[in-house]
Trainee: 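Please see the structure below; I have some questions.
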There are 2 protein chains.
Amino acid sequence: MTAKATDNTTWDSELSRALRDRGQRVTSQRLLIHRAFRELDHHASAEEVLAAVSPRLPNVSLPTVYATLDLFRELGIARRVSAGRGAILYDPRSEAHHHVVCRRCGKVEDLEARIDLSPAMSAAGRRGYAAENAELVLSGLCSDCR
Amino acid sequence: MTAKATDNTTWDSELSRALRDRGQRVTSQRLLIHRAFRELDHHASAEEVLAAVSPRLPNVSLPTVYATLDLFRELGIARRVSAGRGAILYDPRSEAHHHVVCRRCGKVEDLEARIDLSPAMSAAGRRGYAAENAELVLSGLCSDCR
DNA sequence: CTGGATGCAAACTCTTTGCATGCAT
DNA sequence: ATGCATGCAAAGAGTTTGCATCCAG
């Protein structure tokens with residue numbers, strides 16, 4: 001396992017501080033879901049996060065994972081990504097990046113590309129939207145499915 | 001209604017030709033779903049398309065609408081757009097455009113903005129993907145919800 | 001005729017909600 | 001002590017599948 005104890009304590013205190021700033025409680029579920037999510041360091045479904053947490057803290061429920069990941073989104077720690085099908089992924093908001101999804105097997109990969117989104121942002125502004133987030137998803141067949 | 005009979009016959013023959021080219025059958029459901037979809041001329045859910053078709057051809061079922069819209073996607077007539085939540089929208093592929101979705105009320109609007117997606121396309125190519133489609137979705141609060 | 005397309009219903013997946021219990025504050 | 005957070009279960013939304021019937025080719 002590549003996880004370091006120092007990462008955990010750093011992550012723990014970051015999350016604790018963010019929660020306290022909003023007057024929300026610091027629970028072991030939130031801390032451990034946070035650790036698992038940051039260790040995955042990858043777009044992950046609620047199910048995947050649960051699988052990563054369960055060995056360390058049993059009896060964590062899927063609804064709690066959903067609620068917690070959505071809390072992370074509010075805290076700016078995670079982004080929601082709707083990948084192709086109805087599945088929702090949560091992505092640790094590291095640097096701006098985008099995604100490709102295989103239209104056959106559903107696999108999602110990161111795309112490192114610098115795209116100038118300002119025309120879209122200002123178009124949204126003209127429409128009356130306060131655009132907070134931009135999500136670019138390409139789709140096609142991956143090398144395996146082709 | 002703004003629909004013109006000429007549009008219908010044009011659309012009908014376009015679709016008929018595309019279907020025959022692929023050895024697929026030209027059915028009244030497909031023709032009428034196609035008309036309704038083109039008349040809507042807007043990102044629409046399967047439910048909306050069904051509502052538009054039903055007055056003209058009763059007993060059309062939702063599964064048929066899904067299958068037909070997905071067929072349109074294969075034919076290049078429609079694009080699938082996953083708008084924020086798990087809902088799937090089908091968008092008539094007119095010109096390249098993108099979308100904003102309100103994160104509170106879920107409303108989806110078109111965004112006319114010319115974005116240079118080539119960096120993402122080539123990044124996808126490097127990953128082994130044959131990228132066929134690009135979908136940019138911004139999210140935020142619309143003027144009503146703000 | 002004959003097989004692909006349709007309608008109906010049911011299954012399926014993923015996500016959200018309601019409520020009693022528990023724990024952080 | 002107080003009430004937000006959790007776990008469980010069940011509901012809910014949206015989409016897909018199975019199968020008998022129907023109709024375009």
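Chain naming here is simple, since letters A, B, ... match the order of the sequence lines and numbering starts at 1 in each.
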Trainee: Looking only at the side chain of B:Thr64 (C-beta and beyond, no hydrogens), which of the listed nucleotides C:dT6, D:dT15, D:dC8 gets closest?
Mentor: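 Per side-chain heavy atoms of B:Thr64, the pick is C:dT6.
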Trainee: In whole angstrom, what separates A:Leu69's CG from D:dA5's C1'?
Mentor: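 From A:Leu69 CG to D:dA5 C1': 15 Å.
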Trainee: Does A:Arg30 place a side-chain N or O at less than 4.0 Å from the phosphate oxygens OP1/OP2 of D:dT6?
Mentor: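 Looking at the OP1 and OP2 atoms of D:dT6, one of them is under 4.0 Å from a side-chain N or O of A:Arg30.
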Trainee: Taking CG from B:Leu71 and C1' from D:dA24, how many angstroms apart are they, rounded to a whole number?
Mentor: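 Taking atom C1' of D:dA24 as the reference, CG of B:Leu71 is at 15 Å.
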Trainee: Are A:Asp12 and A:Arg35 close enough for a salt bridge, meaning some N to O gap below 4.0 Å?
Mentor: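 Salt bridge flag = yes for A:Arg35 with A:Asp12.
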Trainee: Taking the minimum atom-to-atom distance to the side chain of B:Leu62, which one of D:dT15, D:dG7, C:dC8 wins?
Mentor: D:dT15
Trainee: Ignoring hydrogens and angles, state whether a donor on the side chain of A:His34 or A:Arg30 is under 3.5 Å from an acceptor on the partner side chain.
Mentor: no
Trainee: Expressed in angstrom and rounded to an integer, what is the separation of B:Arg22 atom CZ from C:dG4 atom P?
Mentor: 14 Å
Trainee: Between A:Gln24 and D:dA5, does any side-chain N or O lie under 4.0 Å from OP1 or OP2?
Mentor: yes
Trainee: Could you tell me how far apart B:Tyr90 (OH) and D:dG14 (C1') are, to the nearest whole angstrom?
Mentor: 11 Å
Trainee: In whole angstroms, how far is the P atom of C:dA5 from the CG atom of B:Leu32?
Mentor: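 In whole Å, C:dA5 P and B:Leu32 CG are 17 Å from each other.
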Trainee: Say whether B:Ser13 and B:Ser16, considering side chains only, have a donor N or O and an acceptor N or O under 3.5 Å apart.
Mentor: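 The criterion, which ignores hydrogens and geometry beyond distance, is not satisfied for B:Ser16 and B:Ser13.
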Trainee: Are the side chains of B:Tyr66 and B:Ile88 in touch, meaning some heavy atoms are under 4.5 Å apart?
Mentor: no
Trainee: State whether a side-chain donor-acceptor pair under 3.5 Å links A:His99 with A:Asp91.
Mentor: yes
Trainee: Can you name the atoms? Protein N/O to nucleotides 22-24 of chain C N/O, anything below 3.5 Å, with the distance.
Mentor:
from, atom 1, to, atom 2, distance (Å)
C:dA24, O3', A:Val26, O, 3.4

Trainee: Rounded to the nearest 0.5 Å, what separation is found between the CZ atom of B:Arg73 and the CG atom of B:Asn133?
Mentor: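 Answer rounded to 0.5 Å: 9.0 Å.
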Trainee: Does a side-chain heavy-atom distance below 4.5 Å link A:Phe37 with A:Thr68?
Mentor: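 A:Phe37 vs A:Thr68: side chains apart.
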Trainee: Hey, quick one: are B:Ile115 and A:Val100 part of the same hydrophobic cluster, counting side-chain heavy atoms closer than 4.5 Å, chains of contacts allowed?
Mentor: yes
Trainee: Check the distance between D:dT15's P and B:Ile88's CD1 and give it to me in whole angstrom.
Mentor: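 Value for this atom pair: 5 Å.
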Trainee: Would you kindly give the CG-to-P distance between B:Leu57 and D:dC22, to the nearest whole Å?
Mentor: 16 Å
Trainee: Short of 4.0 Å, heavy atom to strand atom, which residues of residues 41-52 of chain A count as contacting DNA chain D?
Mentor: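 Heavy-atom cutoff 4.0 Å gives no residues at all.
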Trainee: Using whole Å, what does the distance between atom C1' of nucleotide D:dC8 and atom CD of A:Gln29 come to?
Mentor: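 Interatomic distance, CD of A:Gln29 to C1' of D:dC8: 14 Å.
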Trainee: Using the closest heavy atom to pick a nucleotide of DNA chain D for each, name whichever of A:Gly23 or B:Pro63 lands nearer the 5' end.
Mentor: A:Gly23
Trainee: Indicate if A:Val108 and A:Leu136 have the same hydrophobic cluster label, given that clusters are the connected sets of ILVMFWY residues with side-chain heavy-atom separations under 4.5 angstrom.
Mentor: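 No, no single cluster joins them.
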